[in-house]
Amino acid sequence: MSVLVTGGAGYIGSHMVWELLDQGEEVVVLDRLSTGFDWAVAGGAQLVVGDIADQELVEDLIRTHDVDAIIHFAGSIIVPESVADPLGYYLNNTVKSRSLIESAIRCGVKHFIFSSTAAVYGSPEQFLVNEDTSLQPESPYGTSKLMTELMLRDCAAAHDFEFTALRYFNVSGADPDQRTGQSTKGATHLIKVACEAATGKRDHMDVFGTDYDTPDGTCIRDYVHVSDLVNAHYLALRRLRAGGGSLVANCGYGRGYSVLEVIDAVKAVSQTEFEVRVVDRRPGDAVAIVAQAERCRSELGWQPRYDDLRTIVSHALQWEAKLSRRNRQ
Ligand code: UFG
């Protein structure tokens with residue numbers, strides 16, 4: 001019996017593979033390596049390079065490896081890119097997910113875990129959101145993920161098939177043992193960008209707006225350590241296997257930090273100074289969004305281990321330094 005991880009060569013997927021191996025699972029990774037790296041896949045897992053919409057390949061993998069669960073990360077993740085290329089996002093995130101779900105159902109895979117996003121809420125009126133907050137995605141990215149959630153819901157009603165959709169807040173940090181981390185080129189995420197500035201890979205960084213209605217004028221987010229996030233997926237897998245039924249749950253810590261607080265943390269932990277320029281607001285940014293994550297704790301028994309901004313930053317910085325050494329070799 002094994003677990004199929006799509007997108008397992010990417011940032012979150014590569015952490016998931018380590019978590020599964022640490023828990024004694026057999027793992028097969030399917031990744032077309034468009035943004036991921038073959039070296040990011042743990043040696044104990046088998047990497048198959050290919051597309052999730054190649055049904056012949058996927059169904060052959062499911063049968064050959066006796067796959068009982070799919071954890072689906074593969075997809076496109078950049079919000080502004082989705083605004084410029086909506087059809088590309090609906091293809092990668094919605095159409096190809098449909099194909100993968102169909103393969104799963106056809107082959108009798110009963111457990112499916114999906115990487116959803118806080119972007120399904122758009123810009124909420126109340127900054128704290130629970131799973132019943134109205135769903136008003138403001139980008140094709142958020143809509144493309146929500147459409148997949150809805151397909152899963154309907155398939156779970158129609159077939160012998162159950163799913164967990166985890167709505168991620170701001171995933172950050174790196175494996176505490178530094179076996180993997182965020183290696184994406186041209187990253188746009190705040191903690192990654194700030195760590196690149198702290199390690200001299202950028203000569204400065206920008207803050208997108210300081211005139212928001214928040215205590216220091218910058219946007220507020222809930223930063224969740226990637227290792228805690230993938231552990232939630234493992235707990236979701238166990239729950240599905242035990243017959244726990246389908247579930248949609250937020251995955252965040254329930255605490256928000258402003259952009260300036262994050263930058264201060266990166267400067268403090270790295271003990272470096274770097275130039276920070278204030279520029280215009282970035283289109284599409286929600287002012288503040290923070291998870292109410294009780295469901296994740298009560299339904300999955302999730303007990304985060306790295307719920308501390310400085311710990312997240314410290315792991316991200318260590319990974320950035322390791323990446324620099326690796327790229328120099
Ligand atoms: N920011 C800066 N400078 C930067 C990068 C980011 O000021 O160089 C600010 C952004 O304007 C925003 C905050 O830092 O206010 C966080 O931005 P990120 O790009 O790190 O993350 P987002 O909150 O925009 O997006 C994340 C995920 C998305 C997901 C979304 C859900 O990256 O995939 O959360 O809320 F959809």
Side-chain angles (χ1 to χ4, degrees), residues 7 10-13 35 73-83 89 92-93 114-124 127-129 133 135-146 148-149 165-173 182 184 186-198 201-226 229 250-253 256-267 274-293 309 312-313 316:
Y11 170 44
I12 303 174
T35 54
F73 296 100
S76 303
I77 59 159
I78 301 173
V79 175
E81 193 177 76
S82 78
V83 176
Y89 270 66
N92 268 348
N93 291 356
F114 175 56
S115 64
S116 190
T117 169
V120 298
Y121 299 112
S123 296
F127 74 92
L128 264 178
V129 294
T133 299
L135 301 172
Q136 296 182 323
E138 289 178 347
S139 64
Y141 168 72
T143 308
S144 70
K145 289 281 187 176
L146 178 56
T148 301
E149 276 195 23
L166 293 174
R167 293 179 179 158
Y168 307 165
F169 284 65
N170 288 62
V171 187
S172 40
Q182 191 170 8
T184 329
T188 58
H189 292 154
L190 177 64
I191 291 184
K192 172 85 175 165
V193 168
C195 289
E196 287 179 354
K201 294 180 191 172
R202 296 173 184 254
D203 60 3
H204 76 282
M205 67 167 292
D206 294 330
V207 172
F208 300 130
T210 52
D211 57 351
Y212 286 96
D213 184 17
T214 60
D216 68 14
T218 64
C219 296
I220 292 172
R221 296 287 183 275
D222 184 341
Y223 295 89
V224 56
H225 194 295
V226 62
L229 179 90
N250 286 341
C251 202
Y253 292 141
Y257 290 97
S258 74
V259 173
L260 294 181
E261 284 173 329
V262 169
I263 294 172
D264 282 349
V266 173
K267 287 182 172 176
F274 48 85
E275 187 186 347
V276 175
R277 295 181 192 160
V278 175
V279 298
D280 284 348
R281 290 181 176 196
R282 188 172 71 175
D285 275 341
V287 181
I289 180 161
V290 172
Q292 275 185 324
L309 182 60
I312 293 174
V313 164

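Both ligands and their constituent atoms are indexed starting at 1 by order of listing.
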| Pair Asp206-Arg282, salt bridge (Lys or Arg N to Asp or Glu O under 4.0 Å): steps then yes or no | CA-CA 10 Å; Asp206 294 330; Arg282 188 172 71 175; over 6 Å; no
| task | I would like to know whether Tyr257 and Asn170 meet side-chain hydrogen bond (donor to acceptor under 3.5 Å, both in side chains); could you show each step before the answer? | result | CA-CA 11 Å; Tyr257 290 97; Asn170 288 62; over 6 Å; no
| message | Tyr89 vs Glu81, test: side-chain hydrogen bond (donor to acceptor under 3.5 Å, both in side chains). Steps then yes/no. | response | CA-CA 8 Å; Tyr89 270 66; Glu81 193 177 76; 2.5 Å; yes
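Within the 4.0 Å heavy-atom criterion, neither part of Tyr257 lies near ligand 1. At a heavy-atom cutoff of 4.0 Å, ligand 1 is contacted by the side chain of Tyr141 but not by its backbone. Of all the heavy atoms of Val193, the ones lying under 4.0 Å from any atom of ligand 1 belong exclusively to the side chain. Under 4.0 Å from ligand 1, the heavy atoms of Asn170 that appear belong solely to its side chain. Contacts between Thr188 and ligand 1, counted as non-hydrogen atom pairs separated by less than 4.0 Å, involve the backbone only. In His189, the parts holding a heavy atom less than 4.0 Å from any atom of ligand 1 are both the side chain and the backbone.
Scanning the protein heavy atoms around atom 31 (C) of ligand 1, the nearest turns out to be Ala119 N, 3.5 Å. Scanning the protein heavy atoms around atom 1 (N) of ligand 1, the nearest turns out to be Phe208 CD1, 3.7 Å. Counting protein heavy atoms only, atom 20 (O) of ligand 1 is closest to Leu190 N, 2.8 Å. For atom 35 (O) of ligand 1, the closest non-hydrogen atom of the protein is Ala118 CB, 3.7 Å. Closest to atom 15 (O) of ligand 1, if we only count protein heavy atoms, is Cys219 CB, 3.1 Å. In terms of protein heavy-atom proximity, atom 16 (C) of ligand 1 is closest to Tyr223 OH, 3.7 Å.
At distances below 3.5 Å, not a single donor-acceptor pair connects side-chain atoms of Asn250 with backbone N or O atoms of Ala293.
At least one cation-pi condition fails for Arg202 and Phe274: the charged atom is not both under 6.0 angstrom from the six-membered ring centre and inside a 45 degree cone around its axis.
Residue Thr117 approaches ligand 1 through these ligand atoms, each under 4.0 Å from one of its heavy atoms: 29 (C), 31 (C), 36 (F). In the vicinity of Asp285, heavy-atom distances shorter than 4.0 Å reach the ligand 1 atoms 10 (C), 11 (O), 12 (C), 15 (O), 24 (O). Near Ile77, meaning under 4.0 Å from any of its heavy atoms, are these atoms of ligand 1: 33 (O). Near Val259, with a cut-off below 4.0 Å to any heavy atom, the atoms of ligand 1 are 7 (O), 9 (C), 13 (C), 14 (O), 15 (O). Counting the atoms of ligand 1 from 1 in the order shown, those under 4.0 Å from a heavy atom of Val207 are 7 (O). Annotation for ligand 1: atoms under 4.0 Å from non-hydrogen atoms of Asp206 are 2 (C), 3 (N), 4 (C), 7 (O), 8 (O).
Partner of Arg221 under the side chain to side chain contact (heavy atoms under 4.5 Å, CB included) criterion, out of Ile191, Val290, Val262, Asp285: Asp285 alone.
For the pair Lys201 and Cys195, the minimum side-chain heavy-atom distance is 4.5 Å or more. Between His189 and Ser172, every side-chain heavy-atom pair lies at or beyond the 4.5 Å cut-off. Counting heavy atoms from C-beta outward, Ile78 and Tyr141 have side chains that stay 4.5 Å or more apart.
Around atom CG of Asp213, no more than 12 heavy atoms belonging to other residues, nucleotides or ligands sit under 6.0 Å away.
The nearest non-hydrogen atom to atom 17 (O) of ligand 1, considering only Arg221, Lys192, Arg282, comes from Arg282.
Closest approach of Ser139 to Val83, counting heavy atoms only: CB-CG2, 4.4 Å. The shortest non-hydrogen separation linking Asn93 to Ser76 is OD1-N, 2.8 Å.
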